[in-house]
Amino acid sequence: MHPDNPYRHDYDLPRYIQQLPELASYCKKKHGRLTVDFASPDAVIALNKAIIEADCGVVGWTVPKGSLCPPIPGRIDYLLHINSLLSDTHAPIKMLDIGTGATAIYGVLAATQFDYQVVGTDISQHSLSHAEKMLAANPSLASKVTLRHQPSASHIFHGVVNDTERFDISVCNPPFYKSSQQANEKNREKNRALASKQTDRNFAGQDNELIYPGGEVAFIKRMIFESYKYRNQITWFTSLVSQKSSVDEIKRTLKKERHAVQQWITMKHGNKTSRIVVWQFIAES
């Protein structure tokens, strides 16, 4: 994990249980240490809710049944890495969150931990409505996070980025899987690693959050192709890349894109390795 990640060590579970007593029912002793049953979607949700309340001061943060429950340490890691790209940027930093989801997790963390101004977009009106209720319960957060509906599943930036506005950076947690069958197989692999008999996805997720024709490669390639038009409005484009097998194709696509300069950031969380692809367009001479 990033050296500044506050969750790089064990969770302070007693403090989180004090914040959210129901979390205690999902905790157990393992090898003499208190831990959470990470194979359980309800346990992961309870832990995240306690973290958001205790560390971010946000009330009313909930995950609709079946929606993606984001692992907070990984989301913070992503933001810590991109924050270093913006070290010379004058505040307030303005971030565009593609696919913000029902929890608006990147917006919540970026606003409360980094003092960013955030615009979150999503194709699901249901997800946005849920997130809006959370923002309404937290006026100081609502002043920093704005939500917009993306009306077209065929577009990333078009339809949500206004002609005259600028962003310092865009972030995205793309749909990783090509099909529900692939998503379910990856979940079975994860549960086997956790020695769990659980069959549900431990981080849950609606199909629009997890699945895109062609998977994350197709989604990110769409983002790359569309990003050139917005090169003068968004300084840095970034996306999470979950699967190592996706890297070469994304690299090739960016190499073909005119005036695009790319870099890659590796993140490690336990046994899991993921990456952030970063690109921007140099000025044309």
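These numbers come from the heavy atoms of this one structure, side chains and all, not from hydrogens, waters or symmetry mates.
A distance-only check finds no donor-acceptor pair linking the side chain of His31 to the backbone of Arg33 [under 3.5 Å]. For Asp37 (side chain) and Ala39 (main-chain N/O), a donor-acceptor pair under 3.5 Å exists by modelled atom type. At distances below 3.5 Å, at least one donor-acceptor pair connects side-chain atoms of Gln233 with backbone N or O atoms of Asp163.
Put simply, the side chain of Glu165 reaches to within 4.5 Å of the side chain of Lys94, judged on heavy atoms. With contacts defined as side-chain heavy-atom distances shorter than 4.5 Å, the pair Val161/Glu226 does not qualify. Side-chain contact check for Asp42 versus Tyr26: some heavy-atom pair is nearer than 4.5 Å. Within the 4.5 Å cutoff, the side chain of Asp168 has no heavy atoms near those of the Tyr116 side chain. With a 4.5 Å cut-off on side-chain heavy atoms, Cys172 and Phe219 count as touching. The shortest side-chain heavy-atom distance between Phe114 and Ile93 does not fall under the 4.5 Å cut-off. Residues His81 and Val278 form no side-chain contact, since every pair of their non-hydrogen atoms from C-beta on lies 4.5 Å or further apart. Here the side chains of Tyr11 and Val36 are not in contact, with every heavy-atom distance at 4.5 Å or above.
Checked against side-chain contact (heavy atoms from CB on, under 4.5 Å), Arg166 has the following partners two or more places apart in sequence or in another chain: Thr235. Residues that satisfy the salt bridge (Lys or Arg N to Asp or Glu O under 4.0 Å) test with Arg8, not counting sequence neighbours, are absent from this structure. The side-chain contact (heavy atoms from CB on, under 4.5 Å) check on Lys49 picks up Leu20, Glu53, Trp61, Thr62, with sequence neighbours excluded. Ser245 is linked by a side-chain contact (heavy atoms from CB on, under 4.5 Å) to Gln243, counting only residues two or more places apart in sequence or in another chain. Checked against ring-ring contact (aromatic ring centres under 6.0 Å, His included), Phe167 has no partners two or more places apart in sequence or in another chain. Remark: Tyr16 engages no residue in a ring-ring contact (aromatic ring centres under 6.0 Å, His included) (not counting sequence neighbours). Partners of His269 under the side-chain hydrogen bond (donor to acceptor under 3.5 Å, both in side chains) rule, at least two apart in sequence or in another chain, are Asp77. Applying the ring-ring contact (aromatic ring centres under 6.0 Å, His included) test to His130 and every residue at least two apart in sequence or in another chain returns nothing. Gln150 pairs by the side-chain contact (heavy atoms from CB on, under 4.5 Å) definition with Ile123, Ser152, His155, Val160, not counting sequence neighbours. With sequence neighbours excluded, no residue forms a salt bridge (Lys or Arg N to Asp or Glu O under 4.0 Å) with Asp88. Every residue meeting the salt bridge (Lys or Arg N to Asp or Glu O under 4.0 Å) condition with Asp115, not counting sequence neighbours, appears here in chain and number order: Lys144.
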Give the intermediate values and the outcome of side chain to side chain contact (heavy atoms under 4.5 Å, CB included) for residues Leu34 and Ile17. CA-CA 11 Å; Leu34 190 64; Ile17 290 170; 4.2 Å; yes
What's the verdict on side chain to side chain contact (heavy atoms under 4.5 Å, CB included) for Leu135 and Val108, showing C-alpha distance, side-chain angles and the deciding distance? CA-CA 9 Å; Leu135 293 178; Val108 169; 5.5 Å; no
Report the C-alpha separation of Val63 and Asn48 in whole Å, then their side-chain angles, then the decisive distance to 0.1 Å, and conclude whether the side chain to side chain contact (heavy atoms under 4.5 Å, CB included) test is met. CA-CA 10 Å; Val63 181; Asn48 283 5; over 6 Å; no
Between Ile72 and Tyr7, does a side chain to side chain contact (heavy atoms under 4.5 Å, CB included) hold up when you go through it step by step? CA-CA 8 Å; Ile72 291 174; Tyr7 308 108; 3.9 Å; yes
Start with the C-alpha gap between Thr100 and Asp97, add the side-chain angles, then the distance that decides, and say whether side chain to side chain donor-acceptor pair (under 3.5 Å) holds. CA-CA 6 Å; Thr100 195; Asp97 176 20; 2.8 Å; yes
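Linking ILVMFWY side-chain heavy atoms closer than 4.5 Å, directly or via other members, places Met1 and Ile276 in two distinct hydrophobic clusters. Residues Leu79 and Trp236 share a single hydrophobic cluster, defined by chaining ILVMFWY side chains whose heavy atoms lie under 4.5 Å apart. Both Ile76 and Phe38 belong to a single network of hydrophobic side chains, linked directly or stepwise wherever heavy atoms of I, L, V, M, F, W or Y lie under 4.5 Å apart. Leu85 and Val118 fall within a single hydrophobic cluster, where Ile, Leu, Val, Met, Phe, Trp and Tyr are joined by side-chain heavy atoms under 4.5 Å apart, directly or via other members.
The residue from Phe157, Tyr230, Tyr228 that alone fulfils the ring pair (Phe, Tyr, Trp, His ring centres under 6.0 Å) condition with Phe237 is Phe157. A side-chain hydrogen bond (donor to acceptor under 3.5 Å, both in side chains) with Tyr78 holds for exactly one of Asn83, Asn173, Thr238; it is Thr238.
When every heavy atom of Val59 is checked against every heavy atom of Met134, the shortest pair comes out as O-CG, 4.1 Å. Asp122 and Gly101 make their closest contact through OD2-N, 2.9 Å (heavy atoms, listed as atom of the first residue, atom of the second, distance). Residues Cys69 and Val44 approach most closely at SG-CG1, 3.6 Å, considering heavy atoms. Taking every heavy atom of both residues into account, Gln117 and Ser143 meet most closely at OE1-O, 3.5 Å. When all heavy atoms of Gly107 and Val145 are compared, the pair lying nearest together is O-CG2, 3.6 Å. Minimum interatomic distance between Leu240 and Ser274 (heavy atoms only, all atoms of both residues): CD1-OG, 4.1 Å.
With rounding to the nearest 0.5 angstrom, the CD atom of Glu216 is 5.5 Å from the OG atom of Ser242. Note that OG1 of Thr89 is 8.5 Å distant from CD1 of Ile169, once rounded to the nearest 0.5 Å. Taken from CG in Leu147 to OG in Ser127, the straight-line distance is 10.5 Å, to the nearest 0.5 Å. To the nearest 0.5 Å, the span separating NZ on Lys268 from CZ on Arg275 amounts to 9.5 Å. For the atom pair CD1 (Ile82) and OG (Ser170), the distance works out to 8.5 Å, reported to the nearest 0.5 Å. Note that the CD atom of Glu257 and the CZ atom of Arg231 stand 9.5 Å from one another [nearest 0.5 Å].
Cation-pi contact between Arg222 and Phe225: absent, since separation from the ring centre below 6.0 Å together with deviation from the ring axis within 45° is not met.
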Table please: side-chain donor-acceptor pairs of residues 249-256 below 3.5 Å, with sequence neighbours left out.
| residue | atom | partner | partner atom | Å |
| --- | --- | --- | --- | --- |
| Glu249 | OE1 | Arg252 | NH2 | 2.8 |
| Glu249 | OE2 | Lys221 | NZ | 3.0 |
| Thr253 | OG1 | Glu249 | O | 2.9 |

